[in-house]
Amino acid sequence: MQRTDDDHLDRELARDFPLGMAAIPASAAQRRTAIGVVIVLGAIAAAIAPFADIPLPKIDAFVPVLQTVLAVADLMTALLLFAQYPVLQQRALLAAASAYLCSASFAFLQTLSFPGSYAPAGLMGDGFNTPAWFFVLWHATFPLGIIAYTLLKDGGQPAIQPGRSSATTIGLTVLCVSGAVAVLAWFVTTRAEMLPAFYAGSFIRQTNLGNQVNVALLLWYATALVVLLARARTILDIWLLVILIAWMPNFLVAALASSVRFSLGWYAARGFALVASFILLSILLTEMIVLYSRLANAFSLLRRERANRLMSIDAATGAIAHEIRGPLGAIALNANTALAQLRSKPPALQELAAIMKDIESDAMRANDVLSGVRALFKARTANPTPATVQQIALHALALSAPDLLRSQVSVTTDFADDQVPVHTDPVQLQQVLLNLIRNALEAMASIPPDARRLMLSTKVTNDSTVLLSIHDTGGGIPDEERNRIFDAFFTTKRSGMGLGLAISRAIVESHGGTLRLADSGPQGSIFELALQRAD
Ligand code: ADP
């Protein structure tokens, strides 16, 4: 057996409804855009490089304004990455979000301690080495988070941890990261004299150590870049690569070209840092807007589809009533006349036989109308072609993706390796599955989002039957209702019609299969569909 959120499902879901950039493979166009951004940044850096040493006036507001903006952008990026965790359940996202949280915190702390920004000697620390050490911490922790993200990202299935909600996991992560930042910040603020010095005497010119540390940070970023490059697959990976590259001029300038603050190179490198910080934020925001518009579209489509369905049911019942009303009216009239004949003295038995004949033929006509309607539905729908249950199930899941996403339900599939075709009409079976999935989603609406799981599995039995189970973690079906759920017009929902399961069972039985409730309890329900294999 193969447990999957397999590539096929990924592709189907991603095409119809992008679930998040951490899960979607980057397309060739996205890769080309990323390479284009790197080339533009490289060209700008190369153009500035020869003039990097030119000293420029010291603008006190530059660092506080730029780095405060940068810290806010990083904080928002961290928030958006954390927000993707409950949907995608990837621990790697926590690592990436933590990297941004560290970046935001250290950038802001460096600004507070930077001489001449919020106060002449900085608001905290010694005004010389504290801001430099904040810079080191900032750029030591960011690639660390990215490396952790890289190593965690392909680590198997989404982790659903029973008993721990996503909010708790995110809360714990934020707590741990903030704790670590606080301890490190306390150390470089109050114990700066114990650390090697970056600036001696003047806060404008670096010591040699400053240059060496910048070389080390450059190598550290390069390491993260290489590790990520080897495993880059998703859209998020590609843009993190661009961000790592965009940060590099910062260290190049400090290490090689210029060791002087407030030079052209120094200003330009900070500009690059700001661009780097905004790259992911803008992409996450764009993704949110795209997702929102698709959700709105899907929702209006769903409404239209519901309205159409109701209209067609209304039209069908109207047509049946119209056809039946004729023979039924004739039967009633004939019965009345027959009664009158019987009461007459003497009873007109001769005419009675003719009236009874009419009644019989009207009854036959009503029967023909009903058979005709049934035949109409059968002819329209029974179009059996071999298809595998897995294909049909994946397609139904892809069609339900907007609902699944909105309802925060995580989906797992467990399909038999043996992919046998079944003799069925794929469109009809899909309708059955859509109905079962919708029922499952509605049943899970009342439980916490973290516990909402839908599992689809297939099994092939020895007697050539393919079993498809739809397992939800909803509240289950009470004992006294289990026998009635397949009855037409039985519903426990305020806006339900009670036709879904009745029609689904009729469809499956018309293909020689069965649909039953295999199990139900407080932990959820399992519906089981059995179909004969086509070959
Ligand atoms: P409707 O969804 O319009 O109510 P259905 O025939 O599809 O009609 O379902 C009939 C009833 O069966 C539902 O109202 C609900 O009470 C129950 N039911 C169906 N599927 C589930 C499920 N997965 N979990 C709990 N109850 C269910």
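Order of appearance sets the numbers: ligands from 1, and atoms from 1 within every ligand.
Contact record, Ala34 with Trp239: CA-CH2, 3.8 Å, taken as the closest heavy-atom pair.
Looking at Asp472 against ligand 1, only its side chain comes within 4.0 Å, counting heavy atoms. Counting heavy atoms under 4.0 Å from ligand 1, residue Ile477 touches it through the side chain alone.
Taking 4.0 Å as the cut-off between side-chain N and carboxylate O, Lys153 and Asp237 count as a salt-bridged pair. Looking at Arg484 and Glu481, no side-chain N of the basic residue comes within less than 4.0 Å of a carboxylate O on the acidic one, giving no salt bridge.
Looking at atom 12 (O) of ligand 1, its nearest protein heavy atom turns out to be Ile485 CG2, 3.3 Å. Looking only at protein heavy atoms, the nearest one to atom 4 (O) of ligand 1 is Thr491 OG1, 2.6 Å. What sits closest to atom 7 (O) of ligand 1 on the protein, heavy atoms only, is Asn439 ND2, 2.9 Å. Closest to atom 2 (O) of ligand 1, if we only count protein heavy atoms, is Lys493 NZ, 2.7 Å. The closest protein non-hydrogen atom to atom 8 (O) of ligand 1 is Gly498 CA, 3.3 Å. Protein heavy atom nearest atom 5 (P) of ligand 1, with residue, atom name and distance: Leu501 N, 3.6 Å. Ala443 CB, 3.3 Å is the protein heavy atom nearest to atom 24 (N) of ligand 1. Nearest protein heavy-atom contact of atom 15 (C) of ligand 1 is Thr492 OG1, 3.4 Å.
For ligand 1 and Phe527, the ligand atoms under 4.0 Å from any heavy atom of the residue are 20 (N), 21 (C), 22 (C), 23 (N). Near Gly500, meaning under 4.0 Å from any of its heavy atoms, are these atoms of ligand 1: 5 (P), 6 (O), 7 (O), 8 (O). Close contacts of ligand 1 with Ser525, meaning ligand atoms under 4.0 Å from a residue heavy atom, involve 24 (N).
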Apply side-chain hydrogen bond (donor to acceptor under 3.5 Å, both in side chains) to Asn334 and Lys357, showing your working. CA-CA 10 Å; Asn334 276 328; Lys357 237 186 134 78; over 6 Å; no
Let me see the working for Glu287 and Gln84 under side-chain hydrogen bond (donor to acceptor under 3.5 Å, both in side chains), right down to the final yes or no. CA-CA 11 Å; Glu287 186 195 46; Gln84 296 215 346; 2.8 Å; yes
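Side-chain N or O atoms of Arg452 include one that pairs as donor or acceptor with a backbone N or O of Ile447 at under 3.5 Å. Although no hydrogens or angles enter the test, the distance criterion places no donor-acceptor pair under 3.5 Å between the side chain of Arg482 and the main chain of Leu517.
Between the side chains of Ser165 and Asp450, no donor-acceptor pair is found at a separation under 3.5 Å. In this model, no donor atom of one side chain and acceptor atom of the other lie less than 3.5 Å apart for Gln30 and Thr33.
The shortest heavy-atom distance from Gly474 to ligand 1 is not under 4.0 Å.
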